[in-house]
Amino acid sequence: MPELPEVEIVRRRLHSAVVGQLIEDVIVLDPSVCRQEPAEVRRRLVGRRIAGTARRGKWLIFDLGTVLAVVHLRMTGRLLWRPAAEDQSRQPRFVIELEGGQRLHFFDVRRFGGLWAVPTAEATAFFSELGVEPLSEEFTVACLRDLVAGRRTPLKAFLLDQRRIAGIGNIYADEALFRARLHPLRPAGSLGPREAARLWGALRETLQLGIDHEGSSVESFVDPAGARGGFQEILNVYQRTGQPCRVCGASIRRVVVGGRGTHYCPRCQPWRSARAERRKAPHCTQRGH
DNA sequence: AGTGGCTCCTGGCGGC
DNA sequence: TGCCGCCAGGAGCCAC
């Protein structure tokens, strides 16, 4: 599923090709992907020039000056210059036509994704529910400690809550918790200072690693040119139920947290705090993360 | 505040 | 081989 790293890859791949380009037309073939009146979306976007691109959490933003074209890929959305082989039999949901004949196609089998035309003046309100950007300077260990303070919700559910931290989805939540050696069901507010610092570092590392590997092609993610990412090759726990942990060899477990499949290593991610774990089992060292 | 359930949607899977 | 039923999952919404 497209999460922060995948959306960031899409943004980077599109950036130089679209900036400075005029939007000549927006063809909405499936009105259900427009969460606003398609004619209104079209009226707001057509004839404007793309000044820049941005990303907020999992939202991809085309800055048109007075208005933003905002795209969310949700589960299966893909933006492609040319339809991929598996998309050729179906219609795109919408097409953005740029000057010079370039066409950006939006495909989405499950139709969860969408397109919004947001006046720049309303952008703050539009994104007001989104939490901190985990790769920004604003996101510090102290910031994370503030966010988890007093919260009894499980760490996994906390990480998926876009109102707290924006951009983390199921894959990177599971992988970051593994790197931080934290059990996904631990109440967020129960983290000690060292554990919070570990989670902070793990989140940044995992997301950056995802970007460095051009995203995870777990479901169907490809970049606008159709290229797959590589992060799925180095997943430690996500969708590895029953397989041996790459660090300790224990069998990876799957539980459901907040209605989401959650994967973890029962030995590397014990319920107890790291200190209690060392006391109880001094032979069990945690290295290699 | 937190949880659980429902909704959107459809490819892909297991079971028979 | 074929068909039916179920499930994943991001996010918003609602009830409790």
Side-chain angles (χ1 to χ4, degrees), chain A residues 1-8 10 29-36 55-61 70-79 83-94 106-116 118 125-134 146-177 184-191 207 210 215-222 231-232 235 237-242 252-264:
Chain A
M1 306 126 274
E3 304 179 23
L4 185 156
E6 289 74 30
V7 178
E8 180 60 20
V10 171
L29 295 141
D30 178 357
S32 71
V33 299
C34 275
R35 306 309 160 78
Q36 300 154 319
R55 180 191 53 72
R56 226 4 220 112
K58 302 174 195 172
W59 299 82
L60 178 63
I61 302 164
V70 180
V71 175
H72 201 304
L73 305 174
R74 293 284 181 102
M75 299 286 300
T76 52
R78 21 166 87 177
L79 279 168
E86 64 265 39
D87 290 322
Q88 276 173 5
S89 59
R90 51 180 101 244
Q91 268 199 343
R93 305 294 174 184
F94 65 82
F106 180 80
F107 289 90
D108 188 3
V109 279
R110 290 191 191 166
R111 299 206 280 180
F112 286 172
L115 169 69
W116 289 255
V118 182
F126 188 84
F127 293 115
S128 65
E129 294 290 300
L130 271 187
V132 63
E133 280 293 322
D146 283 348
L147 287 171
V148 298
R151 313 206 76 238
R152 286 184 223 175
T153 196
L155 279 173
K156 175 63 183 284
F158 167 80
L159 292 178
L160 292 181
D161 187 345
Q162 304 298 299
R163 295 169 301 178
R164 312 292 165 183
I165 304 171
I168 300 166
N170 223 22
I171 300 172
Y172 292 94
D174 283 4
E175 293 298 314
L177 287 171
L185 285 168
R186 277 275 299 276
S190 74
L191 295 188
L207 293 168
S216 313
S217 293
V218 169
E219 281 269 325
S220 60
F221 170 74
V222 289
F231 192 66
Q232 70 281 358
L235 292 174
V237 286
Y238 185 75
Q239 287 189 352
R240 295 195 65 241
T241 310
I252 300 300
R253 281 193 199 154
R254 181 182 187 277
V255 289
V256 175
V257 185
R260 295 290 169 255
T262 297
H263 314 75
Y264 70 102

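Labels below follow one simple rule: chain letters A, B, ... track the order of the sequence lines, proteins then strands, and each chain is numbered from 1.
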**Q.** Integer-rounded Å distance: C/dG9 C1' and A/L160 CG
**A.** 10 Å
Q) For DNA chain C, which residues in residues 125-134 of chain A have a heavy atom at a distance below 4.0 Å? A) none
Q) Is the phosphate of C/dG9, meaning OP1 or OP2, less than 4.0 Å from a side-chain N or O of A/R110? A) no
Q | Which residue lies more 5' along DNA chain B, comparing A/G150 with A/R93 via nearest heavy atoms | A | A/G150
Q: Give a yes/no answer on whether the side chain of A/H72 brings an N or O atom under 4.0 Å of OP1 or OP2 in C/dA11.
A: yes
Q: Mind calculating the distance between CG (A/L159) and P (C/dA11) to the nearest angstrom?
A: 13 Å
Q) How long is the gap from CG on A/D174 to CZ on A/R260, to the nearest 0.5 Å? A) 12.0 Å
Q) Would you say A/T76 reaches B/dG11's phosphate, i.e. side-chain N/O to OP1/OP2 under 4.0 Å? A) no
Q: Decide, yes or no, whether a salt bridge links A/R74 with A/D108 under the criterion of side-chain N to carboxylate O below 4.0 Å.
A: no
Q.
Quick test of the criterion, 5.5 Å between centres and less than 30° between planes. Is A/F112 stacked on C/dG9 or not?
A. no
Q. From the list B/dG2, C/dA8, C/dA11, which nucleotide is the closest neighbour of the side chain of A/R260?
A. C/dA11
Q) In whole Å, what is the span from the CE atom of A/M75 to the P atom of C/dA11? A) 10 Å
Q | Test: A/K58 and A/E3 ion pair at under 4.0 Å | A | no
Q: Kindly say if A/R163 contacts the phosphate of B/dA1, meaning a side-chain N or O under 4.0 Å from OP1 or OP2.
A: no
Q. For the side chain of A/K58, counting heavy atoms from C-beta on, which of C/dG9, C/dG10, B/dG2 is nearest?
A. C/dG10
Q) Over how many whole Å does the gap from A/R254 atom CZ to C/dC7 atom P extend? A) 11 Å
Q) Rounded to the nearest 0.5 Å, how far does CD1 of A/I168 lie from CZ of A/F158? A) 8.0 Å
Q: Round to a whole Å and report the spacing from CG of A/L155 to P of B/dT3.
A: 12 Å
(Q) Counting only side-chain nitrogens and oxygens, does A/Y238 get under 4.0 Å of the OP1 or OP2 atom of C/dG9? (A) yes
**Q.** Side chain A/R74 and base C/dG9 donor-acceptor under 3.5 Å
**A.** no
Q | Spacing of A/E6 atom CD relative to C/dG9 atom P, expressed in whole Å | A | 14 Å
